[in-house]
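Here the structure is laid out as structure tokens; the discussion comes afterwards.
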Amino acid sequence: MSLLVWNPEWDTGIALIDAQHRILLGQVDVLMTAIHENDVDRHMPSLLAFLADYVDEHFQMEEERMAATGYPGIEGHRAIHDGMRRDVASLVERFEVNSQTLNEEVLDFLMDWLVKHINGEDRRLARHLHQWADANPRTQP
Ligand SMILES: [Fe+2]
Ligand SMILES: [Fe+2]
């Protein structure tokens, strides 16, 4: 059973970004289902391991595209990513100390990511990438 479905408004129209965002949503759904079924302890270690890898790869991919296309909002967007990198590192660290306290916090963090970051910063970036692609039809960022 899926508790969370993709909101088409979250689509950026950039295939790789959307594919990775959907993978993130899948993990949020796993966590929501685990909370619903009172089975978080079994899922949290793999979820946090996933998040640690994900912030590394996904943010780096977005930042490379920003740099390659001269995105004017790069500094602000990267600073937000850096804050989220620190948040994930802190969640991972604190989970090792006390797993019980984190369930709601991890869920809030992920929902904020989906709703605010993807819907805000990432969509602004995508608008820039589309404009850049229109202006540079033969080049891949
Ligand atoms: Fe993103
Ligand atoms: Fe982003």
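Note that ligands are numbered from 1 as they come in the structure, with each ligand's atoms numbered from 1 the same way.
- Heavy-atom contacts from other residues, nucleotides or ligands closer than 6.0 Å to CG of Asp108 number more than 12.
- Within the sub-2.8 Å shell of the Fe ion (ligand 2), the protein contributes these N/O/S atoms: Glu62 OE1, His77 NE2, His81 NE2, His117 NE2, Asp122 OD1.
- For the atom pair CE (Met32) and CG (Leu4), the distance works out to 5.5 Å, reported to the nearest 0.5 Å.
- His117 and His81 have their aromatic ring centers within a separation under 6.0 angstrom.
- Asp53 and His58 share no donor-acceptor pair across their side chains, judged by distance under 3.5 Å alone.
- A salt bridge does not link Glu62 to Arg65: none of the charged nitrogens lies less than 4.0 Å from a carboxylate oxygen.
- In summary, Asp11 and Arg22 engage in a salt bridge, as defined by a charged side-chain N under 4.0 Å from a carboxylate O.
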